[in-house]
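Structure first, then comments.
Index from 1, following the sequence.
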Amino acid sequence: MVAGVIGSKKFSYDLWGDTVNVASRMEHHGLPNAIQITESTYLLIANQFTFKDRGVINVKGRGEVKTYLLTGASPKLVMPRQ
């Protein structure tokens with residue numbers, strides 16, 4: 001990922017790179033009111049949340065990407081109400 005300031009009169013901060021492209025394409029293929037993540041993110045947080053396997057989607061410039069939908073917090077992490 002690369003970040004920088006654009007412009008000489010009106011400055012704007014922007015990000016470029018593969019991470020930004022994948023995030024944009026995941027958003028494009030997302031479902032309303034759902035949080036969709038890639039398999040690499042799933043592997044990092046799988047024990048903290050529950051997920052539904054969405055399957056593989058075709059992402060431009062990436063090919064087939066395995067995705068998951070977040071369904072809630074892991075029961076192990078939910079604190080009981082007092």
For Thr50, does its backbone N or O pair with a side-chain atom of Ser74 as donor and acceptor, under 3.5 Å?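 Here the side-chain-to-backbone pair does not exist.
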Sequence-distant partners of Ser24, side chain to side chain contact (heavy atoms under 4.5 Å, CB included), two or more places apart: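 Expected list: none.
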Would you indicate whether the side-chain heavy atoms of Ile37 and Phe51 approach each other to under 4.5 Å?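 Sidechains of Ile37 and Phe51: in contact.
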Note, Arg62 side chain near Val22 side chain (heavy atom, < 4.5 Å):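 They are in contact (side-chain heavy atoms under 4.5 Å apart), so the answer is yes.
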If you measure from NZ on Lys52 to OH on Tyr68, what distance do you get to the nearest 0.5 Å?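 Rounded to the nearest 0.5 Å, the NZ-OH separation comes out at 13.5 Å.
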Give, for atom OG1 of Thr71 and atom CG of Leu69, the distance between the pair rounded to the nearest 0.5 Å.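 If I round to the nearest 0.5 Å, the distance is 8.5 Å.
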Write out all pairs satisfying salt bridge (Lys or Arg N to Asp or Glu O under 4.0 Å) with one or both partners inside residues 64-74, taking only residues at least two apart or from two chains.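 Counting only pairs at least two positions apart or across chains, the salt bridge (Lys or Arg N to Asp or Glu O under 4.0 Å) contacts touching residues 64-74 are Asp53-Lys66.
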Would you list the atom pairs, donor with acceptor, under 3.5 Å between side chains in residues 26-36 and any protein atom, with sequence neighbours excluded?
unit_1: His29; atom_1: NE2; unit_2: Asn58; atom_2: O; d: 3.2
unit_1: Gln36; atom_1: OE1; unit_2: Arg54; atom_2: NH1; d: 2.2
unit_1: Gln36; atom_1: NE2; unit_2: Met26; atom_2: O; d: 2.9

Going hydrophobic residue to hydrophobic residue with side-chain gaps under 4.5 angstrom, can you get from Val56 over to Val65?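 Val56 does not cluster with Val65.
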